[in-house]
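Values below: all heavy atoms of this structure, side chains included; hydrogens, waters and symmetry mates excluded. Proteins get letters first, then strands, A, B, ... in listed order; numbering begins at 1 in each.
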2 protein chains.
Amino acid sequence: MQETLCQQTHYTDHMEDEVDRLVAAWRRERPDLDVEPLEVLSRVSRLARHLDRARRLAFSEHQLEPWEFDVLTSLRRAGAPYQLSPGQLLTQTLVTSGTMTNRIDRLTKKGLVERLPDPSDRRGVLVRLTPEGRDRADEALAGLLAQERAILAQLSRPQRAELAALLRRLTAPFDNVPG
Amino acid sequence: MQETLCQQTHYTDHMEDEVDRLVAAWRRERPDLDVEPLEVLSRVSRLARHLDRARRLAFSEHQLEPWEFDVLTSLRRAGAPYQLSPGQLLTQTLVTSGTMTNRIDRLTKKGLVERLPDPSDRRGVLVRLTPEGRDRADEALAGLLAQERAILAQLSRPQRAELAALLRRLTAPFDNVPG
DNA sequence: CCCATGAATCTTGAGATCGAGATATATTTG
DNA sequence: CAAATATATCTCGATCTCAAGATTCATGGG
């Protein structure tokens, strides 16, 4: 780790959040414990819940639920012919197999995806985006990005890059092991 | 924003994660879009799901569900006599009022909390931790902190502080407005 | 004092998630 | 080649969550 000249994140406005209050409360009630980990991970969990609410709102304009968006965009990103196995969808969306079966069923009923037999493995199935599914995914993505940009306006571009890099170090171990 | 000498987050090991692959896929499929926001916010959402799974595992040793932990520790942090209104519990746990009523019902049946009339407002209720509830919260917290420390070992202490500060700037707007 | 407005909590019904186990097919091993 | 093991997906039942609306009480103006 080398020292270099870089942007210091030195905030003049130190606005408190719920986690500051939460940590202060623990230090008062349990001064014997080191609750430093909560400074990072409680913020991650709470921010994710806030984002989930915000997304639910943003998607409701497009008649899409967040879980529908997750599946449709996973297929969209795969590129033509826009198909993945349920197993690949699992690693992208981090839900259980039972949940994914259920999601595919419902999206099929809505005409946004279709199930095809996997030609190379008779156990398997491929899930393919329909043209309508593709359009819905594209529309919703544009809306989501606009919303996310507004939330991230709190940070400068280098700060966002720094934040992304720090988060990557935490997510990578989860994403790169069997677990 | 001043420039100072500080630790540069310059990683020799640039381990990829799912979000790197996700972003690369979008740039290939939708080169017209700027997907930079996903670098931060998709990592936040995915990390939160990984944490949720890890917590579920950690708490199962104590026969506690994550949602039970959230409610019990909110009350524990409040300090003696360990009581809060359902409304206060809402802002701490970010669930809807219907969900909270349900949670309080179930925790009451398990003998971990009890409902008392609010002496200063006859509409209101106070939820109080029972002695057993308090013990369960304290045990589970110790276990959670140990697990979180292991996850955060990927970062140095100043990196953790930096990460917490950056996240605070994103959570504060959510935590400090009516929304 | 009474009514209108607002706030805090609870009720309800629909829908989504999880975990565990079932089923069918692949792959490896002896 | 047969048996054992592993993999991919689905089924099922129990919870858990949410959104919307109902209920109960507080508060302020007339």
Side-chain angles (χ1 to χ4, degrees), chain A residues 45 48-61 63-72 83-110 113-128 178-179, chain B residues 45 48-60 63-71 83-110 113-128 178-179:
Chain A
S45 295
R49 288 198 66 80
H50 285 303
L51 291 175
D52 206 55
R53 289 182 165 189
R55 262 190 300 224
R56 197 180 302 275
L57 233 79
F59 290 151
S60 65
E61 300 173 19
Q63 270 87 49
L64 267 191
E65 302 284 325
W67 65 263
E68 297 178 297
F69 177 84
D70 288 342
V71 176
L72 296 181
Q83 56 189 27
L84 291 172
S85 70
Q88 292 173 303
L89 287 171
L90 290 191
T91 72
Q92 302 227 353
T93 55
L94 300 177
V95 296
T96 63
S97 67
T99 297
M100 187 52 68
T101 298
N102 188 8
R103 288 184 175 186
I104 296 167
D105 287 347
R106 283 174 280 158
L107 286 170
T108 301
K109 267 184 212 137
K110 285 182 130 193
V113 308
E114 55 192 345
R115 249 188 271 249
L116 308 170
D118 182 338
S120 68
D121 185 338
R122 250 178 307 183
R123 291 171 302 182
V125 175
L126 289 177
V127 182
R128 178 152 68 187
Chain B
S45 295
R49 287 199 66 81
H50 285 303
L51 291 174
D52 206 54
R53 288 182 167 189
R55 262 190 301 225
R56 198 180 302 275
L57 233 80
F59 290 151
S60 65
Q63 271 87 47
L64 267 190
E65 301 285 327
W67 64 264
E68 297 178 298
F69 177 84
D70 288 341
V71 177
Q83 57 189 27
L84 291 173
S85 71
Q88 291 173 304
L89 287 171
L90 290 192
T91 72
Q92 302 229 350
T93 56
L94 299 177
V95 296
T96 62
S97 67
T99 298
M100 186 52 67
T101 298
N102 189 7
R103 288 183 175 186
I104 296 167
D105 288 347
R106 285 175 279 159
L107 287 170
T108 301
K109 267 185 210 134
K110 286 182 130 191
V113 306
E114 55 192 346
R115 248 190 269 250
L116 308 171
D118 182 336
S120 68
D121 186 336
R122 249 178 307 183
R123 290 171 306 180
V125 175
L126 288 176
V127 182
R128 178 151 67 189

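- Looking at Thr99(A), its side chain never comes within 3.5 Å of a backbone N or O of Val95(A) through a donor-acceptor pair.
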Output one line per pair: protein atom, nucleotide atom from nucleotides 24-26 of chain C, and distance, for all N/O pairs under 3.5 Å.
| residue | atom | partner | partner atom | Å |
| --- | --- | --- | --- | --- |
| dA26(C) | OP1 | Arg122(A) | N | 3.1 |

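- Atom CG of Leu90(B) is separated from atom C1' of dA8(C) by 9 Å (rounded to the nearest Å).
- Checked by atom type, the side-chain pair Arg49(B)/Thr93(A) shows no donor-acceptor distance below 3.5 Å.
- Distances from the side chain of Arg106(B) to the nucleotides dA19(D), dT17(D), dC18(C) place dT17(D) closest.
- Annotation: the span from Thr101(A) atom OG1 to Arg115(A) atom CZ amounts to 6.5 Å, rounded to 0.5 Å.
- Rounded to whole angstrom, the span from the CD atom of Glu65(B) across to the P atom of dA14(D) amounts to 16 Å.
- As a whole-Å value, the separation of Glu68(A) CD from dG15(C) P is 12 Å.
- Taking each heavy atom of Leu57(A) and Ser60(A) in turn, the nearest pair found is O-OG, 2.6 Å.
- Within the structure, every side-chain polar atom (N or O) of Arg53(A) is placed at least 4.0 Å from both OP1 and OP2 of dC18(D).
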Produce the list of close N/O pairs, under 3.5 Å, pairing protein atoms with atoms of nucleotides 10-14 of chain C; give distances to one decimal.
| residue | atom | partner | partner atom | Å |
| --- | --- | --- | --- | --- |
| dC10(C) | OP1 | Arg115(B) | NH1 | 3.0 |
| dC10(C) | N4 | Ser97(B) | OG | 2.6 |

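- What separates CG of Asp118(B) from C1' of dT24(D) is a distance of 14 Å, to the nearest Å.
- Atom CG of Leu84(A) and atom P of dT9(D) are 11 Å apart (whole Å).
- In this structure, CG of Leu107(A) is placed 10 Å from P of dT17(C), rounded to the nearest angstrom.
- When rounded to the nearest whole Å, the span between CG of Leu89(A) and P of dC10(D) equals 11 Å.
- In this structure, NZ of Lys109(B) is placed 15 Å from P of dA14(D), rounded to the nearest angstrom.
- Nucleotides of DNA chain D nearest to Trp67(B) and Gln88(A) differ in position, and the one nearer the 5' end is that of Gln88(A).
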How far apart are the C-alpha atoms of Glu68(A) and Arg103(A), what are their side-chain angles, what is the distance that settles it, and do they pass the salt bridge (Lys or Arg N to Asp or Glu O under 4.0 Å) test? CA-CA 8 Å; Glu68(A) 297 178 297; Arg103(A) 288 184 175 186; over 6 Å; no
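- Contact between Leu126(B) and Ser85(B) at its shortest, heavy atoms only, is CD2-N, 3.9 Å.
- Using a 4.0 Å cut-off, some side-chain N or O of Arg49(A) falls inside it from OP1 or OP2 of dC18(D).
- No donor-acceptor pair under 3.5 Å is formed between the side chain of Gln92(A) and the backbone N or O of Leu89(A).
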Before giving the answer on salt bridge (Lys or Arg N to Asp or Glu O under 4.0 Å), spell out for Asp52(B) and Arg56(B) the whole-Å C-alpha distance, their side-chain angles and the decisive distance to 0.1 Å. CA-CA 6 Å; Asp52(B) 206 54; Arg56(B) 198 180 302 275; 3.2 Å; yes
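- No side-chain heavy atom of Leu116(B) sits under 4.5 Å from any side-chain heavy atom of Val125(B).
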